[in-house]
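Data block below; observations after.
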Amino acid sequence: MLTLLALPLVAGQLVPSQTYDPPGAAAGNTPSTGSPNTQWSAVLGNSLWFYDAQRSGRLDAGAYPNRVAWRQDSAVNDGEVVGLDLSGGWYDAGDWIKATYPLGLTMWALSWSAMSYGPGFEAANQTAYMDSTLRWGYDWLMKAHPTDDTLFVQVGASAHDGGNAYWGPDSGLAGNRSCYAINASYPGTDAWASTAGAFAMGSLAYQGTQWNTSTSAWGPAPLANASYSAQLLKHGETLYRVAKENDKKSFIDSIKDIGPAYVPNSFGDDLCTAALALAAATNNSAYYAEAYNHYTNYSLSRSGAVWNWDSRVPAAYVLFAELATARPGLAAGAGLDANLTGWQTEVEGWIERSIAGDSGRTYISHAGLLFWAGDSDEASLNPAMAFAALLLRYAPLASSTDKATQYRDFAATQIDYLMGKNPMNVPYIVGMHPNSPAAPHVVRGSGLTDQSNLRDPPTNKDTLYGAVPGGPRPNDLWWPWRDDWVQNEIALDYNANLPALAAYQLATGAGDPYYVGVTAGYTVPAGQPCDAALPCKNGLSGGAIAGIVIGCLAAIVLAGLAIWLYRRRR
Ligand SMILES: *[C@@H]1O[C@H](CO)[C@@H](O)[C@H](O)[C@H]1NC(C)=O
Ligand SMILES: *[C@@H]1O[C@H](CO)[C@@H](O)[C@H](O)[C@H]1NC(C)=O
Ligand SMILES: *[C@@H]1O[C@H](CO)[C@@H](O)[C@H](O)[C@H]1NC(C)=O
Ligand SMILES: *[C@@H]1O[C@H](CO)[C@@H](O)[C@H](O)[C@H]1NC(C)=O
Ligand SMILES: *[C@@H]1O[C@H](CO)[C@@H](O)[C@H](O)[C@H]1NC(C)=O
Ligand SMILES: *[C@@H]1O[C@H](CO)[C@@H](O)[C@H](O)[C@H]1NC(C)=O
Ligand SMILES: *[C@@H]1O[C@H](CO)[C@@H](O)[C@H](O)[C@H]1NC(C)=O
Ligand SMILES: *[C@@H]1O[C@H](CO)[C@@H](O)[C@H](O)[C@H]1NC(C)=O
């Protein structure tokens, strides 16, 4: 349904020429006719619609009227308890918290896609929605950064801690929610730097200039706005300086009562990616020199890491390679060699080790999904889709056309898997196809009335179009149960690379996504998921394993004591 809109509601933002509404799951078996591909246009449109559905605060604060009929205003007084306006932004996942650190990854990935796949956004008439999505995120991050060193890292308490879960309508969400900030006395190097990098990438996206690393089919989405770009850059530069100058510490170690929602492993990757993005945004070699210093100082070379909310090293490799082409002067100005060959070696080593499992960090499921041991355990699709997005970005810079082809082909296997080429015949995007997940673990729209029974109703009352859930288990099985948050929770960062994947397909004129040919019908597998949400009863429990370990340690200690006594006697 197309609705013509009247005047822009918010000055300076792009306004869609017509409202995009999701076509509905039943349309998922209809082949596209003509160009642009209507199915990929729907994937892109739904992937951004998802961010509208996750909005917090006043829903009409954007450039166009709220298009998610079943959402209502909520948490409109966030920040009042600290005398600030922290309303707006997005709910991070299926619960109610607003979380700043993982938002850094989301904003980075969204901005990066806007810088490169403009023709895809344009073809699907989604540029205005991308503008609105980026601004909704960045406008809130600017509110969350009220003074140089203060950054609000979370609003609301964690829902997984058992005490604060609220499974009711958005209109009933409590007010006066807790607000947690880092500052010079309570430092958070990771959160400061992650947010600095996100602002720098946003600044680049709003420069709207040609990012000269790609084929001629690619280019930026037409978002150019010099004043907004400068505003974002100022926040980015300030946050990076604060991250650099204060004690180095994780925000999670400074703010003890924040709850365990996100516990980052390191901050060297955040510092490196922030400095690198600032180098790109400012064309200032001093930032490049610092990025290179972080890269060496924190031993970021030859990593086998995943690219996700916690781990930014792979993005640094690819951005270093892009800068060697797009801005070779940056390295020269820092007295370094732009060294495209060296960065190709770094990126390609990471890609090939990841595919082959050589770093011992990865394996490929029987049906072909790439898993990172540990990182994929609580959300299997996200690491694989992030990998695919990086492969497609990097392929034009590969050291040979053979490698470029190999990388694009591997990315296609991951995307096909997401789109339903898997043993479950499930396209893992809510509302795309009759077999799509229909009970995502998300409070809003679930229709749940009995908090003690998360499986009722069996499908959500309202469809969260475009949401990518956690995903299947390493055995490729997937259970559609809402209480299984491992497989069915949704999150801002789980979706962060979907716009890039879809816009790429549109920009390159790809044929229909795999799901169009997937026959309607899904069968719940036998057995149990055996994951962190629904552990298996017949396996050894953590307590049993601990008991065995303690027993073995005690035996070793006793044996050692016996030997020592025996020797002493002699
Ligand atoms: C650029 O963005 C700013 C901030 O949102 C807005 O006030 C201004 O009108 C925009 N300028 C143009 C030319 O769209
Ligand atoms: C984009 O908008 C144009 C003009 O309003 C319209 O003709 C076209 O069908 C739209 N394309 C898509 C994919 O929505
Ligand atoms: C916030 O707390 C104040 C003071 O206790 C109270 O007056 C107000 O009604 C509360 N607001 C909301 C939205 O809960
Ligand atoms: C710094 O952060 C801590 C922890 O969030 C907070 O208790 C304190 O009031 C803040 N200090 C300033 C000066 O804002
Ligand atoms: C990027 O490439 C375009 C087209 O080849 C060219 O017009 C433009 O000047 C280049 N920009 C930069 C920053 O090198
Ligand atoms: C970056 O700076 C170099 C010189 O330091 C200049 O040649 C180049 O044009 C600049 N690029 C951009 C995109 O501003
Ligand atoms: C190098 O890394 C160490 C931690 O490994 C950190 O304490 C130090 O500040 C870093 N130095 C620079 C110049 O970044
Ligand atoms: C380029 O990168 C390679 C591989 O990382 C490295 O061995 C080489 O020293 C680098 N060359 C320069 C001039 O920086």
Derivation of the side chain to side chain contact (heavy atoms under 4.5 Å, CB included) call for I182 and T150 = CA-CA 6 Å; I182 50 172; T150 304; over 6 Å; no
Pair D409-Q406, side chain to side chain contact (heavy atoms under 4.5 Å, CB included): steps then yes or no = CA-CA 5 Å; D409 288 352; Q406 185 199 333; 5.8 Å; no
Steps toward ring pair (Phe, Tyr, Trp, His ring centres under 6.0 Å) verdict (W192, F251) | CA-CA 9 Å; W192 279 326; F251 76 92; over 10 Å; no
Give the intermediate values and the outcome of salt bridge (charged side-chain N to carboxylate O under 4.0 Å, His left out) for residues K98 and D92.
-> CA-CA 5 Å; K98 300 196 285 198; D92 168 69; over 6 Å; no
Give the intermediate values and the outcome of side chain to side chain contact (heavy atoms under 4.5 Å, CB included) for residues S301 and Y295.
-> CA-CA 7 Å; S301 184; Y295 164 78; 3.3 Å; yes
Show the numbers, then the answer: is there a side-chain hydrogen bond (donor to acceptor under 3.5 Å, both in side chains) between Y138 and S111?
-> CA-CA 10 Å; Y138 285 121; S111 294; 2.8 Å; yes
Stepwise side chain to side chain contact (heavy atoms under 4.5 Å, CB included) test for Q126 and M130 = CA-CA 6 Å; Q126 289 294 331; M130 185 45 136; 5.8 Å; no
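Between A200 and A281 the shortest heavy-atom distance is O-CB, 3.8 Å. Of all non-hydrogen atoms in A384 and Q414, the two that sit nearest each other are CB-OE1, 3.4 Å. Nearest heavy-atom pair across A507 and P119 is CB-CB, 4.3 Å. For the pair Y407 and Y394, the tightest heavy-atom approach, listed with the atom from each and the gap, is CE1-CE2, 3.9 Å.
Side-chain contact check for S47 and Y465: no donor-acceptor pair (N or O, by modelled atom type) lies under 3.5 Å. If you check the side chains of S250 and D190, you find a donor sitting under 3.5 Å from an acceptor. Donor-acceptor pairing under 3.5 Å is recorded for the side chains of N37 and D512. Remark: the N183 side chain and the D149 side chain contain no N/O donor-acceptor pair separated by less than 3.5 Å. At a cut-off of 3.5 Å, with distance as the only test, no side-chain donor of Q154 or T100 sits close to an acceptor on the other residue. For the residue pair S227 / N225, a side-chain donor-acceptor distance below 3.5 Å is found, with atom types taken as modelled. If you check the side chains of E290 and Y240, you find a donor sitting under 3.5 Å from an acceptor. In summary, the side chains of Q13 and S132 do not present any donor paired with an acceptor at a separation below 3.5 Å, with no hydrogens or angles considered. Residues N308 and Y494 bring no donor and acceptor atom of their side chains to less than 3.5 Å of each other. Using modelled atom types, one finds a donor on one side chain and an acceptor on the other under 3.5 Å when comparing Q39 with Y515.
The main-chain N or O of N265 is found under 3.5 Å from a side-chain atom of D310 such that the two form a donor-acceptor pair. Without hydrogens or angle criteria, S229 side chain to S203 main chain gives a donor-acceptor distance under 3.5 Å. Under a 3.5 Å cut-off, the side chain of S116 and the backbone N or O of S113 do not form any donor-acceptor pair. At distances below 3.5 Å, at least one donor-acceptor pair connects side-chain atoms of Y317 with backbone N or O atoms of R302. A donor-acceptor pair under 3.5 Å is formed between the side chain of N495 and the backbone N or O of V468. Not a single donor-acceptor pair under 3.5 Å links the side chain of S285 to the backbone N or O of Y288. Side chain of Q54 to backbone of Y91: a donor-acceptor contact under 3.5 angstrom is found. No donor-acceptor distance shorter than 3.5 angstrom exists from the side chain of K421 to the backbone of L418, with no hydrogens or angles considered. Not one N or O on the side chain of T189 forms a donor-acceptor pair closer than 3.5 Å with the backbone of A243. For the pair R408 (side chain) and L392 (backbone), a donor-acceptor distance under 3.5 Å is absent.
The salt bridge (Lys or Arg N to Asp or Glu O under 4.0 Å) test applied to R353 returns no partner, not counting sequence neighbours. Shown here are the ring pair (Phe, Tyr, Trp, His ring centres under 6.0 Å) partners of H235, two or more places apart in sequence or in another chain: H145, F199. With sequence neighbours left out, D85 forms a salt bridge (Lys or Arg N to Asp or Glu O under 4.0 Å) with K143. Residues meeting the side-chain contact (heavy atoms from CB on, under 4.5 Å) test with E237, sequence neighbours left out: L233, L278, T282, Y287.
A salt bridge links K403 with E352: at least one charged nitrogen is closer than 4.0 Å to a carboxylate oxygen. The pair E322-R393 counts as a salt bridge, with a side-chain nitrogen and a carboxylate oxygen less than 4.0 angstrom apart.
Contact of the S266 side chain with the Y298 side chain is not registered, since no non-hydrogen atoms from C-beta on lie closer than 4.5 Å. A heavy-atom distance below 4.5 Å is not found between the side chains of L397 and V318. By the 4.5 Å heavy-atom criterion applied to side chains, L498 and I429 are counted as neighbours. Looking at heavy atoms from C-beta onward, M142 lies in side-chain contact with Q231 at the 4.5 angstrom threshold. Side-chain contact between W90 and L103 is present, with heavy atoms from C-beta onward closer than 4.5 Å. Considering only heavy atoms from C-beta on, S365 stays 4.5 Å or farther from P474 through its side chain. M115 is listed as a side-chain neighbour of M201, based on a closest heavy-atom distance under 4.5 Å. By the 4.5 Å heavy-atom criterion applied to side chains, T325 and L340 are counted as neighbours.
Ring orientation note: the planes of W112 and W108 are nearly perpendicular, at an angle over 60° on the 30°/60° scale. W350 and W372 have parallel rings, their planes meeting at less than 30° on a 0 to 90° scale where 60° marks the start of perpendicular. The aromatic rings of F320 and W343 lie parallel to each other, their planes meeting at an angle below 30°, with 60° marking the opposite boundary.
The aromatic ring centroids of W136 and Y51 lie 6.0 Å or more from each other. Between Y262 and W309, the gap from one ring centroid to the other is short of 6.0 Å. Taking the six-membered ring for Trp and the full ring otherwise, the centers of Y64 and Y129 sit less than 6.0 Å from each other.
In this structure, R312 fails the cation-pi test against W307, since its NZ or CZ atom is not both closer than 6.0 Å to the six-membered ring centre and inside 45 degrees of the ring normal.
Within 6.0 Å of the OH atom in Y228, the count of heavy atoms belonging to other residues, nucleotides or ligands exceeds 12. More than 12 heavy atoms of other residues, nucleotides or ligands shown are found within 6.0 angstrom of NZ on K248.
Among pairs with a residue in residues 374-386, none fulfils side-chain hydrogen bond (donor to acceptor under 3.5 Å, both in side chains), at least two apart in sequence or across chains. Counting only residues at least two apart or in different chains, side-chain hydrogen bond (donor to acceptor under 3.5 Å, both in side chains) contacts with residues 354-363 are absent.
Results of the side chain to side chain donor-acceptor pair (under 3.5 Å) test with R135 over T133, D131, D139 single out D131 as the only residue that passes.
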